[in-house]
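Right, one structure below, let's go through it.
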Amino acid sequence: MSQAGTLKLASFNINGIKARLPRLLEWLEETRPQVACLQEIKTQDEGFPAEAFEKIGYKAIWHGQKGFNGVAILADGEQPVEVQRGLEGDPDDAHSRYLEADVFGVRVVCIYLPNGNPQPGPKFDYKLRWMERLRTRMDAIWAEEVPALVLGDYNVIPHDRDIWDKRAMADDALMQPASRDAYARLLGDGWTDAIGLHHPRGGIWTFWDYQAGAWPRDHGFRIDHALLSPELADRLVESGVDKAYRGREKASDHAPVWVRLRA
DNA sequence: ATGGCTGGAGGATCCAGA
């Protein structure tokens, strides 16, 4: 699926890299993004299957954790050069949710933003604080004036048009005004939501719950996003969601999202 | 649905997810 003169970067919350490895390799080989950001790898560093990716041409960096969370950045034929792992601003935060690298001439940030449920409560407070820490880091990247994009699972439903039924999640951390405001501040700073830009009427989902027949009923919402710096927004050609992968055997509950840029 | 699945850890159920 590679296209001459373009750079395709994707994000996929895979919900367990060990359970998902065959599906993940299949997706990489079939869609061949030059860069793939992964979330919820749910493994410690030593359990990361780097060899399986090397066999199909991808080099990787990863930040794992026992049992849950964990992020990774894969690149086709090029080693991502790590810039930072973890977000500053909270020395007690041991979650593996942030990984930043330079690859193919762009700054790639892979995030797994906290879910924040139940709200209100300490988990929601952690989510909102994490979003402010992210904003601080994105400000610093902005000041570097490098072409940059922040890909991942933001755990924020930006607008009512980004969910099949706003009533279904009205009390959920993913669509509280405070969550949405924190996300909107990133866009207000000048970052471009690529998928939102290309689908202004909404109706595009990236997550469908395993429960209650959400997938067959198309009861989904959009929480995986790609935010682009101005230079990369100018180079944006197209974006999309690989929805069909949600319907395969042993699928993640998320579908991959991607952007294609002029190289 | 106050959780109907799912993955991981651990070795029975619990936590976490969204």
Side-chain angles (χ1 to χ4, degrees), chain A residues 11-27 37-49 52 62-72 93-98 110-128 130-131 134 152-180 182-183 195 202 204-225 241 243 245-257:
Chain A
S11 174
F12 195 177
N13 180 322
I14 55 170
N15 189 16
I17 203 164
K18 292 168 186 164
R20 208 73 59 215
L21 192 56
R23 284 289 92 93
L24 181 56
L25 295 170
E26 186 177 275
W27 169 71
C37 295
L38 308 179
Q39 302 88 35
E40 284 205 87
I41 62 176
K42 292 186 174 179
T43 178
Q44 296 176 95
D45 283 342
E46 51 270 35
F48 187 83
W62 57 93
H63 189 198
Q65 177 178 352
K66 189 174 184 177
F68 61 114
N69 300 327
V71 287
D93 184 3
H95 288 194
S96 298
R97 299 179 174 276
Y98 184 96
C110 176
I111 66 163
Y112 175 46
L113 206 149
N115 170 302
N117 281 301
Q119 74 79 29
K123 290 190 174 181
F124 191 59
D125 297 340
Y126 170 61
K127 178 191 188 112
L128 296 180
W130 204 94
M131 293 185 81
L134 174 65
D153 179 357
Y154 284 70
N155 270 317
V156 175
I157 300 168
H159 303 282
D160 289 350
R161 61 179 179 270
D162 296 313
I163 181 167
W164 93 98
D165 181 352
K166 66 178 182 181
R167 293 168 299 181
M169 298 277 284
D171 296 326
D172 196 280
L174 276 58
M175 54 186 286
Q176 291 312 296
S179 308
R180 287 178 162 181
Y183 179 79
I195 301 211
I204 299 294
W205 322 138
T206 69
F207 173 91
W208 297 257
D209 203 290
Y210 287 124
Q211 303 180 71
W215 167 249
R217 293 174 178 168
D218 200 28
H219 288 178
F221 41 85
R222 185 171 77 96
I223 51 175
D224 300 273
H225 308 304
V241 179
K243 181 175 178 177
Y245 287 84
R246 178 60 183 82
R248 295 199 179 180
E249 293 267 329
K250 294 278 287 179
S252 170
D253 40 7
H254 294 250
V257 302

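All figures in this text were calculated on a predicted structure; none of them were measured in a lab. Throughout, protein chains are lettered first and strands after them, A, B, ... in sequence-line order, and every chain is numbered starting at 1.
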Applied to residues 168-180 of chain A, the salt bridge (charged side-chain N to carboxylate O under 4.0 Å, His left out) test, sequence neighbours excluded, yields A/D160-A/R180
For residues 11-24 of chain A, the salt bridge (charged side-chain N to carboxylate O under 4.0 Å, His left out) pairs (sequence neighbours left out) are A/R23-A/E26
Residues in residues 12-25 of chain A with a heavy atom under 4.0 Å of DNA chain B, by number, are A/N13, A/N15, A/G16, A/K18, A/A19, A/R20
Ordered by number, residues from residues 207-217 of chain A within less than 4.0 Å of DNA chain B (heavy atoms) are A/F207, A/D209, A/Y210, A/Q211, A/A212
Pairwise N/O distances under 3.5 Å, protein to nucleotides 10-16 of chain B:
| from | atom 1 | to | atom 2 | distance (Å) |
| --- | --- | --- | --- | --- |
| B/dG10 | OP1 | A/K66 | NZ | 3.4 |

Can you measure [X] atom [atom1] to [N] atom [atom2] for me and round it to whole angstrom units?
X	N	atom1	atom2	result
A/N115	B/dG7	CG	P	18 Å
A/N117	B/dT2	CG	P	11 Å
A/F48	B/dG8	CZ	P	14 Å
A/Q44	B/dA9	CD	P	7 Å
A/F124	B/dA18	CZ	P	15 Å
A/H219	B/dA18	NE2	C1'	16 Å
A/R222	B/dA18	CZ	C1'	16 Å
A/D253	B/dG8	CG	P	12 Å

inquiry  = Mind checking if A/K127 touches a base, just sugar-phosphate, or nothing, with heavy atoms under 4.0 Å?
reply    = nothing
Give A/D224 one of three labels, base, sugar-phosphate or nothing, depending on what nucleic acid heavy atoms sit under 4.0 Å from its own. nothing
[X]: side chain to side chain donor-acceptor pair (under 3.5 Å) partners, not counting sequence neighbours:
X	result
A/S179	none
A/S96	A/H63
A/Q176	none
A/R217	none

Non-neighbouring partners of [X] that pass side chain to side chain contact (heavy atoms under 4.5 Å, CB included), sequence neighbours left out:
X	answer
A/A19	none
A/A178	A/F124, A/L128
A/W130	A/L87, A/D93, A/R97, A/Y98, A/I111, A/L113, A/P114, A/Y126, A/R133, A/L134

What distance, rounded to whole Å, do you find between the two [atom1] atoms, one in [N] and one in [M]?
N	M	atom1	answer
B/dA18	B/dG7	C1'	15 Å
B/dA12	B/dG8	C1'	14 Å
B/dA1	B/dA16	P	24 Å
B/dG17	B/dG11	C1'	23 Å
B/dC15	B/dG10	P	14 Å

Whichever of A/T43 and A/I223 has the more 5' nearest nucleotide on DNA chain B, that residue is A/T43
By nearest-nucleotide position on DNA chain B, the 5'-leaning member of A/D153 and A/A251 is A/A251
Can you classify the ring geometry of A/H219 versus A/W164 as parallel (below 30°), tilted (30 to 60°) or perpendicular (above 60°)? parallel
Notebook entry, point to check: Does B/dA18 have OP1 or OP2 sitting under 4.0 Å from an N or O in the side chain of A/H254?
Noted result: yes
Tightest non-hydrogen contact, residues A/D209 and A/A214, listed as O-CB, 3.3 Å
**Prompt:** For residues A/K42 and A/N15, is any side-chain donor paired with an opposing acceptor at under 3.5 Å?
**Reply:** yes
The reported gap from OH in A/Y154 to CG in A/L174 (rounded to nearest 0.5 angstrom) is 14.0 Å
